[in-house]
Amino acid sequence: MKKWLFRALVALALLVGVVYLATEVYHIGGVDIPEDQTIPASRTEHPPQHWKEGWGLDGTQWFHHANQGTKILPYAWFMALEQPDLSPFRARARFVDGDYLYRFGFLPSDKDDRMNPDGLPIGFAKQDDFIDPTAPAKGPIKVVGLTCAACHTGEIHYRDATTNVLKAVRIEGGAAMINLSLFQKAVGLALFYTNFFDARYNRFADSVLGDKKNDQDERNRLRAEVKAFLDTNMSAQAYAEKKGLYTMDLGFARTDALGLIGNRVFGPLDQENLTVANAPVNFPQLWDTAWFDWVQYNASIRMPLVRNIGEALGVGGVVKLDVKESDRFPSSVNVENLHHMESQLGGDKPYAGLWSPKWSNTGLPPIDTQKRSRGETLYRKYCQSCHLPPPKELEAEVNSKDSQNWHDERGEGGKEDQKIRVLTVKVSDLQVIGTDPNQALNFYRRLARVGGNTVPAAKGLYNVTGFIRNKFFDSKGLLSNVDGPKEKERLEYDRYRPFDDPKIDEGDFDLDQEAIISGVIVPRLGYKARPLNGIWATAPFLHNGSVPSLYQLLLPVDARDKKFYLGSKLFDPTVVGYNTDRLPGGFELDTHISGNTNVGHEFRNLELDEMELAVKGSATPPNNLRSGDERWANLIGLSVPDWKASSPEQQWAKQRDLTWKVVEEREDHEIPKGVIGPSLSDLERWDLVEFLKSL
């Protein structure tokens, strides 16, 4: 063989090898996501969660796919997209084909003609009559959007100890292990490749246009629409990159909910309204939420309808915010469906809707009853003051006039027969709970430029959601606040929360801040402590998902993992959390990054200087020659010989008792931020974990 031919073949082989490594191993030009983890339906358990009438298969399917008025893409576009894959070694499959969507963490769903004709995963909604309020002349179109269930349906996988078979447990209303930001990136990249490569575009156009595929005018029109869509989004992406808005990888199981809602709502008015999304939160569980007096992690929103309208806007709902128009704030949000979802989840009274799953109904290893009993004592001592009594006790006292955990909510009229009972969730100040402050601080500080005025973002969100609510109410004849036959219906939509808005129907965007604080949206500097029923099924933990397991949540901060992977659904029933080993295509959560920090909510004994500062108001000066033993003996109230005669275990126990005493009396003592209780022994941690499994 001639040398030049040999060299050419070697060069070609090297080129093929480089291309293979780039596209198949390092996914250059594509997105790197884990392999599909789907477990067949035959090995998937559905523990009962009190799904009465309306929560059977048909009702569940409705919740999984009912539209909220959101849009990802026109439906035909989404179904025609090819995966963003530059590999020449395999055929390019459709974006919706096979296991691709499941690799982002979405869960498989039943195919049915009414709600899900193409068998899309849970959380995808087809809407046949979507009207974009920014371009109403185009008329209704078919779109695909996201709905609540995408982020709020969980699944845990475990290996059966007897058969060694991998099984799944579906958690309705639970936290999803999905990567929304990576999914959105993949959609944008797939559409970019469609426009860039003529062969892809031709296949795309043939599929989208169907019978009109040979009409050149239709092909040109479609090409122009695709290009316009990309131009708009690429311009927004270029601005975001310039300002560093989305440099933080939110990863699996998390999103910056309030930050992205604000960007979606206020960004179209002025790009300067866009802010950095660096406050990720774990997707919260939905059970009981309809009966909380305040929702969101920072307890910032009182009205479920306001929260749900904001959520719909954050995941693709469209609102026109030109405040100069007389027809204010038309939107695509499906308020009717939002109301039905809230009613379905909450029921007509507390604990009549969705229940938390029970560990005992899952096939997971049985709970150790002795550990559980000891853990209950620890829960009542260290946890109950914030997270409230166990659910059976809360349910028993719903109607008690003497309850410290329930109170009445009344509508605007405040009539005795027009009220419901709601759960009083406790909010811990940032200086007490000590967890990552970004979510609370960002919302508290955020401003928006609207109609020539700079207003707090809370006020702006109050008005936008209020106008959308009022426009819907007006269409149904519910807007009037006077007595009448529709008064009860309006109260049911608001779930009996009073909407104090004396000016909102006048179109005045610059409301006084007190109108917000009066009962709709409050930017708080704290986080709520919800009841812990079903907590075992909601890993990772803390509001930002920075702690991988319940066991680690009970450790001092220094002993918690500083880096771990999210993306696996494989569940560890011992530590109660997902497997966090290195995962190809997974997300490495680095707790050193602002927004990801795993500080706070800490059980540890106070150090000597901290204890002196708490008990005495000052630490022993450095030039004081007293020994540590002398200082501890003085704090504990023992003689120095008696303190020295104590074993290390006895000294630790006395330090713990004193720590708990000063923590309980926090208002009278200066306690380090984030310390909420004393150190637990390892046995106590395992006992408490076992009790939390039983809730």
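Worth saying up front: this structure is predicted, and the values here are computed from it rather than measured. For the single chain, residues carry numbers from 1 onward in sequence order.
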In terms of relative ring orientation, are [X] and [Y] parallel, tilted or perpendicular, with 30° and 60° separating the classes?
X	Y	result
Trp355	His50	parallel
Tyr100	Phe104	perpendicular
Trp62	His340	perpendicular

Quick one: do the [X] and [Y] side chains pair a donor with an acceptor below 3.5 Å?
X	Y	answer
Asn442	Asn278	yes
His65	Ser109	yes
Asp572	Ser549	no
Gln68	Glu311	yes
Glu172	His152	no

Are there over 12 heavy-atom neighbours, none belonging to Asp128, within less than 6.0 Å of that residue's CG? yes
For the NZ atom on Lys562, are there more than 12 heavy atoms of other groups (residues, nucleotides or ligands in this structure) within a distance under 6.0 Å? yes
CG on Asn337 to OG1 on Thr147, rounded to 0.5 Å: 7.5 Å
Enter the distance from Ser235:OG to Leu230:CG here, rounded to the nearest 0.5 Å. 12.0 Å
Test item: Phe78 and Leu73 side chains (from C-beta on) under 4.5 Å apart, heavy atoms: yes
When every non-hydrogen atom of Asn596 is compared with those of Pro280, the smallest separation belongs to OD1-CG, 3.7 Å
In this structure, is the centre-to-centre distance between the rings of Tyr565 and Phe252 below 6.0 Å? no
